[in-house]
Amino acid sequence: MTGPRFKDHFSTDSPAYHRFRPSYPERLFAWLAEMAPGRALAWDCATGTGQAARGLAGYFSRVVATDASLPQLLAAPADARVSLVTARAEAPPFPAACLDLITVAQALHWFDTDRFFAQALRVLRPRGVIAVWSYGLLTVTEEIDRIILRLYGEVLDNWWPPERRLLENGYRDIPFPFPPLAAPRFSMTADWPLAGLLGYLATWSAVQRFRAATGADPLAGITAELRTAWGDPGQPRRITWPLGLQAGISLPDAAAGIPGP
């Protein structure tokens, strides 16, 4: 079981989270729609500012995106295809057996997973699909990657929430009690100037915790190095984040492996 209480690490700067978080690949949403038993209703759980929900909206008749953080939802761009609802992952606002798809993007490590998976089984249609994914450190060039790794693993080591360890291992340490679907490999990419990369790094929860506790900016110590390694700061560079994806289907006998709510 993980995440017994809701821990809001991102609402302090929801607009920056929306602006600087990368977008998920279109072919991921196409694959999820192909695997789902229908395309009537999808639930994007812990949607944040709605990145995944907007991707799903191109494939499903209706998408409901929930988050426990109202500031995050208020920072999400309006989209007539997506209904935004404030709700905890462990208490979804759905009747039984109504969903074709559930997605959780970069958020499973914050959940009480036993309760969430029990609810997921309740609200999924037979053979409905559940997909959870995460991404870790980005890659740019070897020199830039070394600088960011030092920020991540040395400067910020004591400032990461403990749940971060679950994400680093692609959620493989969280029991996933659904019959698995074999999935292709996916990755996210973005072409950003240096300011885009720095904006993204500033959304890291450890950076925000460091700033709040010390009054100092941990990015200040690496910005000059990054500028040297980057070259022209206005020149976009290709940034890549590999995705770790687990997907499964809802079967009646799957309930035996999932504790009740």
Side-chain angles (χ1 to χ4, degrees), residues 3 6-29 32-33 41-60 62-94 99 101-111 116 130-138 160-161 163-164 167 171 186-193 195-209 211-212 219 239-241 243-245:
F6 172 57
K7 301 176 182 180
D8 191 346
H9 296 280
F10 304 103
S11 293
T12 55
D13 199 358
S14 294
Y17 189 93
H18 163 65
R19 180 180 177 188
F20 291 113
R21 285 284 167 144
S23 298
Y24 301 112
E26 187 71 19
R27 70 184 192 97
L28 168 62
F29 302 118
L32 291 170
L41 180 58
W43 171 29
D44 184 43
C45 180
T47 194
T49 56
Q51 289 95 330
R54 291 189 296 277
L56 292 171
Y59 296 91
F60 289 83
R62 184 182 174 211
V63 176
V64 176
T66 66
D67 203 282
S69 168
L70 179 59
Q72 285 280 74
L73 294 178
L74 291 175
D79 190 321
R81 305 167 302 172
V82 177
S83 300
L84 300 174
V85 178
T86 305
R88 294 283 299 271
E90 302 84 1
F94 302 107
L99 295 174
L101 174 69
I102 297 172
T103 57
V104 182
Q106 196 75 354
L108 186 67
H109 50 298
W110 304 122
F111 296 0
F116 168 69
I130 179 171
V132 302
W133 64 85
S134 64
Y135 58 91
L137 282 177
L138 56 89
W160 289 110
E163 293 88 349
R164 180 75 185 181
L167 185 148
Y171 297 147
F186 299 100
S187 61
M188 300 183 301
T189 61
D191 295 309
W192 284 346
L197 174 63
L198 291 171
Y200 165 74
L201 296 176
T203 69
W204 282 3
S205 61
V207 170
Q208 296 180 28
R209 289 165 62 133
R211 288 172 171 173
L219 301 184
I239 303 171
T240 302
W241 297 259
L243 288 183
L245 172 69

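The first residue of the sequence shown is numbered 1, and numbering continues consecutively from there. Any value given below was found using the heavy atoms of this structure, including those in side chains, with hydrogens, waters and symmetry copies removed.
Distance alone, capped at 3.5 Å, places no donor-acceptor pair between the Gln72 side chain and the Thr47 backbone. Formation of a donor-acceptor pair under 3.5 Å by the Tyr171 side chain with backbone atoms of Leu108 is found in this model.
Rounded to the nearest 0.5 angstrom, Trp110 CH2 and Leu167 CG are separated by 8.5 Å. The CH2 atom of Trp241 sits 11.0 Å away from the CG atom of Leu137 when rounded to the nearest 0.5 Å. Once rounded to the nearest 0.5 Å, the distance linking CG of Leu101 with CZ of Phe60 reads 4.5 Å. Rounding to the nearest 0.5 Å places CZ of Arg164 at 6.5 Å from OG of Ser205. With values rounded to the nearest 0.5 angstrom, Ser69 atom OG is found 12.0 Å from Arg88 atom CZ. To the nearest 0.5 angstrom, Ile102 atom CD1 is 9.5 Å from Leu41 atom CG.
Using a 4.5 Å heavy-atom threshold, the side chains of Leu138 and Leu197 count as touching. Using a 4.5 Å heavy-atom threshold, the side chains of Tyr59 and Glu26 count as touching. Inter-residue side-chain proximity for Thr66 and Pro93 is flagged as met; some heavy-atom pair is nearer than 4.5 Å. Inter-residue side-chain proximity for Phe116 and Val104 is flagged as met; some heavy-atom pair is nearer than 4.5 Å. You'll find the side chain of Arg209 reaches within 4.5 Å of the side chain of Pro161, heavy atoms only.
With ring centers used as reference points, Phe186 lies 6.0 Å or more from Trp133.
When every heavy atom of Ala53 is checked against every heavy atom of Asp44, the shortest pair comes out as N-OD2, 3.4 Å. The minimum heavy-atom distance between Val82 and Ala57, with the atom names listed, is CG2-CB, 3.9 Å. The shortest non-hydrogen separation linking Arg54 to Pro77 is NH1-CD, 3.2 Å. The two residues Met188 and Pro22 come nearest to each other via the heavy atoms CE-CG, 3.6 Å. Between Leu245 and Ala131 the shortest heavy-atom distance is CD1-CB, 4.0 Å. Closest approach of Ser134 to Gln106, counting heavy atoms only: CA-OE1, 3.1 Å.
Judged as a salt bridge (charged side-chain N to carboxylate O under 4.0 Å, His left out), and not counting sequence neighbours, Arg62 has no contacts.
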- Task: Show your working on side chain to side chain contact (heavy atoms under 4.5 Å, CB included) between Ile239 and Tyr200 and close with a plain yes or no.
- Result: CA-CA 11 Å; Ile239 303 171; Tyr200 165 74; over 6 Å; no

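When each of Thr103, Leu56, Leu243 is checked for a side-chain contact (heavy atoms from CB on, under 4.5 Å) with Leu28, only Leu243 meets the rule.
Note on ring orientation: taking the six-membered ring where Trp is involved, the planes of Trp160 and Trp204 are tilted (angle from 30° to 60°).
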